[in-house]
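Input: a single structure, listed below in structure tokens.
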Amino acid sequence: KNQVEQSPQSLIILEGKNCTLQCNYTVSPFSNLRWYKQDTGRGPVSLTIMTFSENTKSNGRYTATLDADTKQSSLHITASQLSDSASYICVVSASNSGGYQKVTFGIGTKLQVIP
Amino acid sequence: KAGVTQTPRYLIKTRGQQVTLSCSPISGHRSVSWYQQTPGQGLQFLFEYFSETQRNKGNFPGRFSGRQFSNSRSEMNVSTLELGDSALYLCASGHPGTSGGVSTDTQYFGPGTRLTVL
């Protein structure tokens with residue numbers, strides 16, 4: 001069964017500190033992995049997307065890494081800001097036989113940045 | 001460029017009723033996907049439409065259905081509502097992309113419709 005597990009479930013950090021969120025998956029055959037940021041009351045917004053051949057991708061203060069061998073990804077946030085408070089969702093896509101993608105979502109990590 | 005819009009934003013229904021939600025994708029996007037988001041289950045894929053055809057479907061009962069019109073707007077219908085259908089329903093429009101031959105379609109999400117079933 002394709003699964004995506006994220007840890008921790010929730011995290012509280014001080015403004016200005018760094019943090020790392022984890023995503024482990026069993027999705028196969030792997031196509032791509034995305035990280036989304038979802039603010040409360042809003043739809044998710046794409047942060048990064050990585051394919052099998054990419055092991056790191058940055059978007060400003062967000063850096064995602066991918067280890068396709070161990071099926072792990074991380075999202076590192078540097079110099080956190082209050083506006084980083086949100087849920088971060090890991091999404092892994094598998095290629096199905098129809099040529100389209102089967103998408104599996106993690107349940108998300110809820111990050112709270114406090115002053 | 002306007003983003004993905006969903007209507008209504010909030011909806012309250014009672015068990016047994018049916019509901020229709022609407023999604024207007026970003027201009028030029030032909031792919032529309034629907035998701036259900038609940039606190040316990042997270043985001044779950046419902047279905048995807050492309051050029052008026054359903055091309056992908058998640059594991060939801062037949063009470064959940066959808067369609068896409070020629071202008072790419074999409075509707076989702078839920079019949080015989082149950083209490084467990086209370087959720088945030090998100091629509092996303094897709095912009096195709098590839099990287100190294102691998103599909104990397106970017107999805108842009110709307111704000112969602114918050115459905116409460118009483």
Which bit of B:L90 is near chain A, if near means a heavy-atom gap under 4.5 Å: side chain, backbone, both or neither?
side chain
Interchain contact, B:Q37 with chain A, by part (heavy-atom threshold 4.5 Å):
side chain
Any chance NZ of A:K17 has more than 12 other-residue heavy atoms, nucleotides or ligands included, within less than 6.0 Å?
no
Chain A heavy atoms under 4.5 Å from B:R9: which part of the residue, side chain, backbone, both or neither?
side chain
Residue part contacting chain A, namely of B:Y108, when any heavy atom lies under 4.5 Å
neither
Should we count CZ of A:R61 as having more than 12 external heavy atoms under 6.0 Å?
yes
Spell out, yes or no, whether A:L111 and A:Y62 are grouped together once hydrophobic residues are joined by side-chain heavy atoms under 4.5 Å, including indirect joins.
yes
Per-residue tally against chain B (heavy atom, under 4.5 Å) across A:P44, A:S46, A:G43 peaks at A:P44
Hey, is CZ on B:R15 packed in by over 12 heavy atoms from elsewhere, all under 6.0 Å?
no
Quick check: are there more than 12 heavy atoms from other residues, nucleotides or ligands sitting under 6.0 Å from CG of B:N59?
no
